Asks: 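Pasting in a structure now, in structure tokens, and then I'll have a few things to ask.
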2 protein chains.
Amino acid sequence: MDEINEVLRKAPLFEALGEEDTAALRSSVNEVRLGRGQTLFGEGDEGDRLYVILSGKVKLTRTAVDGRENLLSVLGPSEMFGELSLFDPRPRTASVVAVTDSVLAGLGHDDLRPFLSSRPHVSLQLLKALAERLRRTNDVMADLVFTDVPGRVAKALLELADKFGKESDDGLHVHHDLTQEELAQLVGASRETVNKALAEFALRGWLRIEAKAVVLLDVERMRRRAR
Amino acid sequence: MDEINEVLRKAPLFEALGEEDTAALRSSVNEVRLGRGQTLFGEGDEGDRLYVILSGKVKLTRTAVDGRENLLSVLGPSEMFGELSLFDPRPRTASVVAVTDSVLAGLGHDDLRPFLSSRPHVSLQLLKALAERLRRTNDVMADLVFTDVPGRVAKALLELADKFGKESDDGLHVHHDLTQEELAQLVGASRETVNKALAEFALRGWLRIEAKAVVLLDVERMRRRAR
DNA sequence: AACCGGGTGCGACATACGTCACACTGTTGG
DNA sequence: CCAACAGTGTGACGTATGTCGCACCCGGTT
């Protein structure tokens with residue numbers, strides 16, 4: 001279980017804590033295991049826990065009234081979610097579904113609040129993380145308005161590469177574990193258009209398409225296409 | 001100058017502070033006056049101040065490489081901006097321009113930080129505010145993907161109505177002070193399309209168009225159109 | 001092996017919206 | 001009081017992208 005300690009330490013929320021604080025928290029952590037496709041909680045559910053991903057990937061999704069889905073983000077190891085409800089106790093605004101088999105660490109809000117009050121660092125860290133997210137979200141919004149679908153796909157792939165990419169001799173492997181449908185929901189486009197964009201990129205030799213993954217061959221051109 | 005005190009009190013950041021804390025802060029506040037169209041700071045500028053609007057309206061905008069503008073939000077009295085740079089000292093990510101003659105209260109970050117460290121309430125309040133904004137931003141993003149331009153216009157008008165609307169016997173007056181061009185940038189559409197959407201709404205008797213304002217006549221139908 | 005379902009590839013068609021063009025109106029300032 | 005200009009109203013046209021339809025491919029199940 002030292003594994004847990006190590007991943008927790010990397011999570012932005014906890015890197016500000018010392019040995020003993022981390023240890024104190026550890027006791028109130030519970031572990032959750034999810035299989036691919038399994039949902040942790042749904043939009044509208046009540047919930048007062050915060051989660052850190054120990055291994056695997058999850059997606060945060062929102063569902064429109066007519067059933068269409070929108071993918072807010074894909075999170076990997078040491079990333080955190082569910083923290084918004086720490087501050088105002090409203091129902092969850094997104095669903096969380098495992099994209100691969102995953103292990104999560106869950107923390108009750110009540111166990112966390114003492115740390116917020118007594119350790120200013122922790123609040124500051126959280127504020128920083130939220131500010132970061134806010135900037136990023138604004139970027140994504142601007143892209144939705146100004147960039148066409150191929151551009152958004154390129155950008156999304158590059159971001160996924162930052163998170164999950166593994167450099168190897170035949171290119172930058174990005175095993176995102178998403179279907180093209182999910183990719184489409186992530187960039188706010190239809191499955192077909194995303195498919196065509198990917199095909200176009202492959203045709204030009206900028207990437208190779210694999211099952212639930214892409215191999216980036218010409219990152220520079222992808223970058224240029226993204227803007 | 002008691003005016004300042006009163007508006008500051010309503011700002012989310014300060015409503016958690018007591019008499020003396022507010023008084024202590026007052027001394028480090030500086031007042032800024034802007035005329036319509038004047039810009040307070042631009043995207044990319046350095047800056048370590050946070051502002052609260054005492055009177056007037058300002059817009060937060062981002063400019064794409066090709067010069068097209070995107071309007072993040074329109075803020076009115078007692079609303080706050082520039083707080084993101086409190087936590088990470090990066091350059092500003094949006095420009096701020098006065099939409100009407102405005103008076104702002106500016107606060108240096110250095111004057112604020114002591115309060116963050118010593119008053120957990122304040123951090124929590126800020127966290128709450130940021131969480132709120134994050135949720136809202138996600139909503140807007142979903143709209144950009146799922147809702148057509150007329151729908152987004154309707155939604156934007158309803159939100160502006162919440163902030164700036166004044167009920168009167170001939171309808172809900174929303175004096176937003178925006179040109180149709182600015183409205184268009186706010187909903188992520190072209191000026192012309194927004195114009196046509198407005199004309200359509202007016203034709204149906206749902207609203208009346210005035211200079212830099214609209215009068216909502218049938219809020220219920222507007223709500224339905226928005227989703 | 002045959003089958004099946006989920007995921008993919010791709011063409012035909014419809015359409016919402018951006019772009020362009022131009023005319024009109026109201027406001028500001030010389 | 002007229003010029004100049006910013007803001008508005010509206011049509012014609014092109015196009016990116018959504019929708020529909022269908023064929024294919026692959027991994028697991030019977």
Side-chain angles (χ1 to χ4, degrees), chain A residues 35-37 59 64 66-71 97 99-100 142-154 156-157 175-204 207-215 225, chain B residues 35-38 59 64 66-71 97 99-101 142-154 156-157 175-204 207-215 225:
Chain A
R36 147 132 203 133
K59 59 178 178 179
D66 60 352
R68 281 183 300 177
E69 292 218 332
N70 181 14
L71 226 157
V97 178
V99 165
T100 67
D143 289 343
L144 274 179
V145 176
F146 295 130
T147 314
D148 62 3
V149 174
R152 275 157 27 213
V153 170
L157 289 180
H175 201 101
H176 50 64
D177 283 304
L178 302 172
T179 66
Q180 292 188 352
E181 176 68 43
E182 288 169 321
L183 241 183
Q185 291 165 357
L186 181 61
V187 302
S190 73
R191 204 257 316 157
E192 292 90 329
T193 326
V194 169
N195 179 305
K196 281 159 194 166
L198 285 173
E200 174 74 17
F201 292 152
L203 187 72
R204 302 198 177 185
L207 54 75
R208 193 151 31 85
I209 302 174
E210 300 192 345
K212 305 209 165 184
V214 294
V215 185
R225 186 59 182 81
Chain B
R36 147 134 201 134
Q38 213 177 337
K59 58 177 178 180
D66 60 351
R68 279 182 302 175
E69 294 220 330
N70 181 12
L71 226 155
V97 177
V99 165
T100 66
D101 296 351
D143 288 343
L144 273 179
V145 177
F146 295 131
T147 313
D148 62 2
V149 175
R152 271 145 45 204
V153 170
L157 290 178
H175 201 101
H176 50 63
D177 282 304
L178 302 173
T179 66
Q180 293 187 352
E181 177 68 44
E182 288 169 321
L183 240 183
Q185 291 166 356
L186 180 61
V187 301
S190 74
R191 206 256 317 157
E192 293 89 330
T193 323
V194 169
N195 179 304
K196 281 159 194 167
L198 285 174
E200 174 75 15
F201 291 154
L203 188 72
R204 301 198 178 184
L207 53 75
R208 192 150 31 86
I209 302 174
E210 300 191 347
K212 305 209 165 183
V214 294
V215 185
R225 187 55 181 85

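Remember, it's a predicted structure, so these values are computed and weren't measured experimentally. Numbers restart at 1 for each chain; the letters A, B, ... are given by sequence-line order, proteins then strands.
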Asks: May I have the list of side-chain donor-acceptor pairs in residues 208-215 of chain A shorter than 3.5 Å, sequence neighbours left out?
Replies:
from: A:R208; atom 1: NH1; to: A:E210; atom 2: OE2; distance (Å): 3.0
from: A:R208; atom 1: NH2; to: A:D170; atom 2: OD2; distance (Å): 3.3

Asks: Go through the steps to decide whether B:N195 and B:Q180 satisfy the test side-chain hydrogen bond (donor to acceptor under 3.5 Å, both in side chains), and finish with yes or no.
Replies: CA-CA 7 Å; B:N195 179 304; B:Q180 293 187 352; 3.0 Å; yes

Asks: If every non-hydrogen atom of B:P150 is compared with every non-hydrogen atom of B:R225, which pair is closest and at what distance?
Replies: CB-NH2, 3.4 Å

Asks: Between the side chains of B:R204 and B:E200, is the shortest nitrogen-to-carboxylate-oxygen separation below 4.0 Å, so that they form an ion pair?
Replies: yes

Asks: Could you state the CG-C1' distance from B:L144 to C:dA16, rounded to the nearest angstrom?
Replies: 15 Å

Asks: State, to the nearest 10°, the angle formed by the axis through the first five base pairs of the helix from C:dA1-D:dT30 to C:dG30-D:dC1 and the axis through its last five.
Replies: 30°

Asks: Can you measure A:F146 atom CZ to C:dC17 atom P for me and round it to whole angstrom units?
Replies: 16 Å

Asks: Is a side-chain donor or acceptor of A:R191 paired with a backbone partner of A:A184 at a separation under 3.5 angstrom?
Replies: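 Here the side-chain-to-backbone pair does not exist.
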
Asks: Return the value, rounded to whole Å, for the distance between atom CD of B:Q185 and atom P of C:dC17.
Replies: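 Atom CD in B:Q185 sits about 18 Å away from atom P in C:dC17.
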
Asks: Less than 4.0 angstrom from a charged side-chain N to a carboxylate O is my criterion; do A:K59 and A:D177 meet it?
Replies: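 Answer for the salt bridge query: no.
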
Asks: Any chance you could list the contact pattern along nucleotides 6-23 of chain D? Use B for base contacts, S for sugar-phosphate-only contacts and - for none, protein heavy atoms under 4.0 Å, 5' to 3'.
Replies: -SBBBBB----SSBB---

Asks: Nearest 0.5 Å, please: how far is CG in A:L71 from CG in A:L183?
Replies: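 Reported value, rounded in 0.5 Å steps: 9.0 Å.
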
Asks: Would you give the length of the straight line joining atom CZ of B:F201 to atom NZ of B:K196, rounded to the nearest 0.5 angstrom?
Replies: 14.5 Å

